[in-house]
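Read the structure below first, then the notes.
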Amino acid sequence: MTRTLIMIALISAAFSTTIQAADVNAGKKLVDNNCTRCHGSEIYTRPNRMVTTLPGLHKQVRRCEQMLGLTWFDEDVDNAATHLNEQFYKLK
């Protein structure tokens with residue numbers, strides 16, 4: 001029983017960032033100012049893209065943010081991921 005409750009708490013924490021409303025305009029600015037320097041929109045629209053889920057998109061945005069040495073808050077990652085999803089990915 002305790003193990004189940006811990007798992008539920010961990011899953012809830014993992015998805016809590018997707019529940020909050022994101023600022024798509026702020027996300028667009030972050031993507032335009034940081035992401036397009038390495039790649040253009042073609043990476044988001046290629047047929048064999050590796051990101052296929054919304055949690056996966058959030059993880060990839062976080063990975064890129066860390067590789068670039070940025071210091072984004074969780075809200076920034078959410079904003080950027082939400083913009084990318086609305087503009088390109090269309091994941092549910």
Side-chain angles (χ1 to χ4, degrees):
M1 180 68 172
T2 303
R3 180 184 241 168
T4 302
L5 292 175
I6 291 171
M7 290 301 294
I8 290 171
L10 290 173
I11 291 169
S12 295
F15 288 104
S16 66
T17 59
T18 60
I19 294 171
Q20 299 172 359
D23 183 342
V24 179
N25 292 328
K28 181 179 181 343
K29 288 178 187 175
L30 289 168
V31 170
D32 289 348
N33 292 331
N34 297 285
C35 306
T36 55
R37 128 173 65 151
C38 292
H39 46 76
S41 63
E42 64 273 358
I43 197 166
Y44 310 122
T45 57
R46 65 186 178 182
N48 63 340
R49 64 181 179 209
M50 300 180 78
V51 174
T52 58
T53 65
L54 199 50
L57 178 57
H58 280 263
K59 286 180 186 177
Q60 185 59 45
V61 170
R62 176 63 75 190
R63 268 188 234 118
C64 290
E65 177 258 335
Q66 290 172 343
M67 286 191 310
L68 289 172
L70 304 171
T71 54
W72 288 2
F73 293 104
D74 290 340
E75 299 83 37
D76 296 326
V77 172
D78 292 341
N79 294 341
T82 299
H83 163 68
L84 290 170
N85 190 48
E86 287 187 7
Q87 186 70 34
F88 302 107
Y89 288 90
K90 314 290 187 202
L91 302 168
K92 298 183 193 270

Worksheet entry | Residues Phe88, Val51; criterion side chain to side chain contact (heavy atoms under 4.5 Å, CB included); working and verdict | CA-CA 11 Å; Phe88 302 107; Val51 174; over 6 Å; no
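Remark: of the listed residues Val31, Asn33, Asp32, Val31 is the sole one forming a side-chain contact (heavy atoms from CB on, under 4.5 Å) with Cys35.
Closest approach of Cys38 and Leu68 over heavy atoms only: SG-CD2, 4.2 Å. The minimum heavy-atom distance between Tyr44 and His39, with the atom names listed, is OH-CE1, 3.3 Å. For Arg49 against Thr45, the heavy-atom pair with the smallest separation is NH1-CA, 4.4 Å. Between Leu54 and Leu91, the shortest heavy-atom contact is N-CD1, 3.7 Å. Of all heavy-atom pairs between Val61 and Leu84, the closest is CG2-CD1, 3.8 Å.
Between the NE2 atom of His58 and the CG atom of Asp74 there is a distance of 10.5 Å, given to the nearest 0.5 Å. To the nearest 0.5 Å, atom CH2 of residue Trp72 and atom CG of residue Asp78 are 11.0 Å apart. Atoms CG and CG, from Leu30 and Asn25 in turn, are 11.0 Å apart once rounded to the nearest 0.5 Å.
Two residues are said to be in side-chain contact when any heavy atoms from C-beta on lie closer than 4.5 Å; Val24 and Lys28 fail this criterion.
For residues 83-92, the set of pairs meeting the side-chain hydrogen bond (donor to acceptor under 3.5 Å, both in side chains) definition, not counting sequence neighbours, is empty.
Evaluation of the side chain to side chain contact (heavy atoms under 4.5 Å, CB included) rule for Arg63 yields Lys59, Gln60 as partners, not counting sequence neighbours.
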